[in-house]
Amino acid sequence: MSEPRVNELMEKIVSLCKRRGFVFQSSEIYGGINGFWDYGPLGAELKRNVKELWWTSMTRRRDDVVGLEATIIMHPQIWRASGHVDTFSDPMCDCLLTRKRFRADQIDLQSGTAYHFSGARDTAAGKAVAEPYAVLLPAGKPPESARRTAMEFYRARGLAQPELEGERTEKVENSQRFNPDNGSLLTEPRPFNLMFKTYVGPVADEDNVAYLRPETAQAIFAQFKNVADTSRQKVPFGIAQMGKAFRNEVTPRNFTFRSREFEQMELEFFIQPDEVVEALCGDVATPAGPGHPGEPQRNWGWQMWHQYWVEERIRFYDAIGLPRTTLEEYWQKPDELAHYARATVDLLFKFPFGTQELEGIAARGDFDLSQHERCSGKSMGVFDEELRTAWGKLTEEKRLALSARYHDARLKYLLRAGVSPEQASRDAREDADGLAKGQYIPHVIEPSAGVDRLILALVANAYGETTSTDEKGKTETRTVMKFHPTVAPVKVGVFPLLKNKPELVAKAREVHAALRGEMLAFYDEAGAIGRRYARQDEAGTPFCVTIDFDTLGETPALKDTVTIRHRDDGRQERLSIAELKAYLLARVR
RNA sequence: GCGGGUGUAGCUUAGUGGUAAAGCUCCAGCCUUCCAAGCUGGCUAGGAGGGUUCGAUUCCCUCCACCCGCUCCA
C-alpha cells in the first residue's frame, strides 16, 4: 500500500504557494496552528484584487446594492435567532467499539438490559484492562451476545484472550447511552461547539459569553432596518459585506479550503414576496428556461431573482478567470435544502482534491428577518406606499387569494419556529392584514462566497507547467501561473535588458516609476533576461516590459519604444513608452 | 475525535549512533544585445520537548504540523 503522492498536483500548488509567497502556514516558526493560514506578499495582492473586484461589481457598479461593515463579535442573541447556537454546538459521542460518531441528542431511545463489566484480564498473557464497559441488549436476547461484544471491546484494547470481570446487569429505559446498531456503550457526550467562544469584558463567566461570527450574513439581517432607513433604497435592494468569519471545524482540510478563520463575501438581496409582486404588477414572472434572465424587472418573482443572481455570479467568475467550463452548477435536491431555504444552487469548482463548493446562492425566503423580528421584538417589515395603493385597486377575489397565500406562508413559518398554534394563527392573520396596508417582510436571495477557497481555485486554475528540452537534451519544467490580468498580483515587470549599462538601467527605472502609481509594477535587473521572465511567470505577472538599446535610439525609428512580452505565449510586441500605460491599464483593470 | 502515513536549507532530495551532502532557488560580484547561459563567492536545515547513550538528525516516548481514509461540514 504505497502511494506516496496521493495528490501530486496539490502538493506542487502548496509548494509553489510557499516558495513564491502566496500562502504561508500561520505561526510557522512555532510549528504552525491547525486550520489557519497567512497570505504572503503575492497572496495578499491576489486576495485584495479579488475582493476589490467583488466589491466593485457588487456595489459600486450597481444602483441597488449598498455596503456594510459590521463587527465580528455581536450580541449573542443574534446567534440564537439565527439558529447557530443550537445547530452549531451539538453534543457528540462515539461508539466505544466501532468509533462511529453520533449526535448525542439524536440517538434513538432504547430499553433493555445493560450488561456491565468492570474490566477484563488475560491470565495467559498476564495482562489486564481495568476500563469499565457495558452492552445493552433488547429484551429476549441471550446474555452470551453481550459477552461476545464485550470481549471484542477488550480484544481491541490488547487482550488476546479476555476473561470478563465484574459482570452485573441493570434494567435500562429510554437510554441514549448505547449504540443502536450494536448495543455498545458510547463515550460521554462531549460538546462540539463549532462557534469560537470568547468573553466580553474582564470577567470570564457565562453571562459574558460571546461568539466570533460563524458567518457574515447575520449582521446584514440585524442591521437591515438601519440600512433600509438610511440608504434611500427600496426593496428590491441588496446589502453586501465582506469579512472574516470563524468556525471551529472538526477537521480543517485541503490546504486553505476549509480553515477555521476565513473570509466571506456575502450579498443579501432583499426582494418582495411573490404576493406583493402580484399585487403590484398583476402577474409574477418566472424563468422561461435556463440562462441569464436579463435586466431586473418589476414583475420578477423570487425564482427569477434567484436565477438572475446565479447567472450574475457565474459571469463574475468568468470575468476573473474562472470560465463557466471550470465550474459546476449544482441545484440542491429538496431533501438537501436547509430548513430555511426554498432553493439553493452551489457553484462548484473542480479542485485537485475534488469538486467542491465555491459559492452558494440560496433563496432563503423571509426566514432570517422573521427570526430577528421575533427574537428582538423589533419590526423587520417594510412599508410600501405603492403596495397599499395597488391593493386598493385589486378585485375582492384577488385580495382574498393573495392575502390567503401570504397568511399561509407566515403561518407555516411561525409554526415551524415553535410559536404556539393560537399565537401563530393570530400573528399570521395580523401579518396578512398588514399586507393590505402595504407592510411586508422582504424575502432574500443570498449569494455567499468564500474568499479563501476562491483564491485557492484561482491558484489551482492558473497553475500550468511547460516542459522543454534544450540542445543538450536537458529537460526542464517551468511553472506558469496564468492568472487573469485583473486578479494577477503583479501586473507588469519592468527590466533593463542589461544591468551593467547605466543608460538602460536609468531608462528602465524611469518607465517603472511612471507605471507604479497606476498598478503593481515590479522592477528587476538581476540575472539574465530569460531568468527574469521565468520569475515573473511563476508569480503570474501577465506582462513584462524590457528596455533595450532600441529604446535608447540604436535604431532611430524605434527610439522610445519598448518590447512588451506576454506571459502565456512568450509573444513580444513593440510599443512606444507614451502609449504603454494606457495599453496596460486597459488590460489589467 | 479515530486510524494510517510523513516531517533534513526557501524548494526537491541524499546520508549517518560520532555533529550533515547535493541540485535548484535566493543574495553579492563579474559577465551577458530577449526566455532559468557561464564564472566566483555567500546565507540557510533534521518540527518541538523529553528519554536511552560518553555521544541522538538517526533508537524510544510525548506533543505539534501536514497528507490520506473515517467523522464532521449552512
Side-chain angles (χ1 to χ4, degrees), chain A residues 1-8 10-12 14-21 24-36 40 82-84 87-88 90 92-96 98-103 187 190 192 194 214-215 217-218 245 247-255 257-258 264 266 332 336-341 344 346 353 356-357 360 362 364 367-368 446 448 466 468 470-472 474 476-480 495-501 504 526-538 544-552 554 562-563 565 567 570-572:
Chain A
M1 289 300 289
S2 66
E3 263 180 47
R5 295 272 165 89
V6 181
N7 197 331
E8 204 177 331
M10 204 51 213
E11 282 182 19
K12 283 178 172 175
V14 173
S15 167
L16 174 107
C17 280
K18 165 137 202 221
R19 177 157 39 91
R20 292 313 311 250
F24 304 128
Q25 206 176 1
S26 168
S27 323
E28 198 197 62
I29 61 168
Y30 290 103
I33 176 165
N34 193 330
F36 298 88
S82 69
H84 284 82
T87 61
F88 257 43
D90 306 321
M92 308 288 288
C93 44
D94 302 324
C95 172
L96 282 165
T98 62
R99 308 242 175 251
K100 186 175 170 185
R101 174 158 292 167
F102 297 88
R103 263 182 68 170
T187 60
R190 284 168 300 193
F192 255 67
L194 263 54
E215 62 171 38
Q218 292 306 320
R247 286 183 199 176
N248 215 345
E249 296 285 354
V250 176
T251 314
R253 268 295 160 86
N254 293 323
F255 198 32
F257 182 81
R258 175 165 292 129
Q264 292 184 306
E266 293 193 303
Q332 288 190 10
E336 296 169 331
L337 290 173
H339 57 94
Y340 51 73
T344 297
D346 290 334
F353 46 81
Q356 298 274 350
E357 183 184 344
R364 294 170 73 117
F367 173 80
D368 301 278
E446 176 194 81
S448 167
T466 54
S468 58
D470 64 16
E471 59 274 15
K472 295 175 200 145
K474 201 175 84 180
E476 64 169 19
T477 303
R478 289 182 175 204
T479 305
V480 186
F495 316 139
L497 182 60
L498 299 175
K499 179 181 165 183
N500 59 358
K501 297 286 184 290
L504 288 177
I529 191 77
R531 173 179 296 267
R532 284 177 264 162
Y533 286 145
R535 278 199 278 249
Q536 291 309 310
D537 285 348
E538 230 179 33
C544 288
V545 167
T546 301
I547 283 72
D548 59 17
F549 292 94
D550 284 336
T551 313
L552 302 177
E554 193 172 87
V562 293
T563 55
R565 179 259 191 190
R567 175 194 62 204
R571 184 167 49 92
Q572 295 197 348

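Just so it is clear, the model here is predicted, and its values are computed rather than measured. Lettering follows sequence order; numbering is per chain, from 1.
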Pick base, sugar-phosphate or nothing for [X], based on heavy-atom distances below 4.0 Å to the nucleic acid.
X: A:G21; answer: nothing
X: A:E446; answer: nothing
X: A:E28; answer: nothing
X: A:Y30; answer: nothing
X: A:D548; answer: base
X: A:T344; answer: nothing

Measure the [atom1]-[atom2] distance between [X] and [Y] for me, rounded to the nearest 0.5 Å.
X: A:L497; Y: A:F549; atom1: CG; atom2: CZ; answer: 6.5 Å
X: A:S26; Y: A:N34; atom1: OG; atom2: CG; answer: 10.5 Å
X: A:L504; Y: A:K499; atom1: CG; atom2: NZ; answer: 13.5 Å

Taking all non-hydrogen atoms of both residues, which atom of A:F353 and which atom of A:M10 are closest, and how far apart?
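Nearest heavy atoms, A:F353 then A:M10: CD2-SD, 3.7 Å.
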
Using every non-hydrogen atom in the two residues, find where A:E446 and A:A217 come nearest and quote the distance to one decimal.
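Taking every non-hydrogen atom into account, OE2-CB, 3.4 Å.
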
Hey, are A:R19 and A:E538 close enough for a salt bridge, meaning a charged N less than 4.0 Å from a carboxylate O?
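Salt bridge between A:R19 and A:E538, a charged N being under 4.0 Å from a carboxylate O: yes.
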
With the threshold set at 4.0 Å, does a side-chain nitrogen-carboxylate oxygen contact exist between A:R531 and A:D537?
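Answer for the salt bridge query: no.
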
Interatomic distance where [atom1] belongs to [X] and [atom2] belongs to [N] [whole Å]:
X: A:F24; N: B:G10; atom1: CZ; atom2: C1'; result: 9 Å
X: A:F257; N: B:C66; atom1: CZ; atom2: C1'; result: 18 Å
X: A:F353; N: B:C67; atom1: CZ; atom2: C1'; result: 13 Å
X: A:R531; N: B:C34; atom1: CZ; atom2: P; result: 17 Å
X: A:Q356; N: B:C72; atom1: CD; atom2: C1'; result: 13 Å
X: A:R532; N: B:U25; atom1: CZ; atom2: P; result: 15 Å
X: A:K18; N: B:C66; atom1: NZ; atom2: P; result: 13 Å

Out of [options], whichever nucleotide has its closest atom nearest the side chain of [X]:
X: A:R253; options: B:U33, B:C68, B:G10; result: B:C68
X: A:L498; options: B:C34, B:U32, B:A74; result: B:U32
X: A:A534; options: B:C35, B:C68, B:A36; result: B:A36
X: A:E215; options: B:A37, B:C35, B:A74; result: B:A74

Under a 3.5 Å cut-off for both contacts, is [N] paired Watson-Crick or G-U wobble with anything, and if yes, with which nucleotide?
N: B:C2; answer: B:G69
N: B:U33; answer: none
N: B:U8; answer: none
N: B:U19; answer: none
N: B:G49; answer: B:C61

Hey, is the side chain of [X] pairing donor to acceptor with the base of [N] inside 3.5 Å?
X: A:Y533; N: B:C34; answer: yes
X: A:N500; N: B:C31; answer: no
X: A:E249; N: B:C72; answer: no
X: A:S15; N: B:C11; answer: no

Phosphate-side-chain proximity, [X] and [N], N/O vs OP1/OP2 below 4.0 Å:
X: A:R535; N: B:C26; answer: yes
X: A:R19; N: B:G10; answer: no
X: A:N34; N: B:C66; answer: yes
X: A:K12; N: B:C11; answer: no
X: A:N254; N: B:C68; answer: yes

Start with the C-alpha distance between A:E215 and A:R247, add both sets of side-chain angles, then the distance that settles side chain to side chain contact (heavy atoms under 4.5 Å, CB included), and finish with yes or no.
CA-CA 8 Å; A:E215 62 171 38; A:R247 286 183 199 176; 4.1 Å; yes

Looking only at atom P, what distance separates B:G46 and B:A36, rounded to whole Å?
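Looking at atom P only, B:G46 and B:A36 are 34 Å apart.
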
Determine the interatomic distance between C1' on B:G4 and the same-named atom on B:G49; round to the nearest Å.
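These two C1' atoms come out 24 Å apart once rounded.
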
For RNA chain B, whose closest nucleotide is more 5', that of A:P252 or that of A:Y340?
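The answer here is A:P252.
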
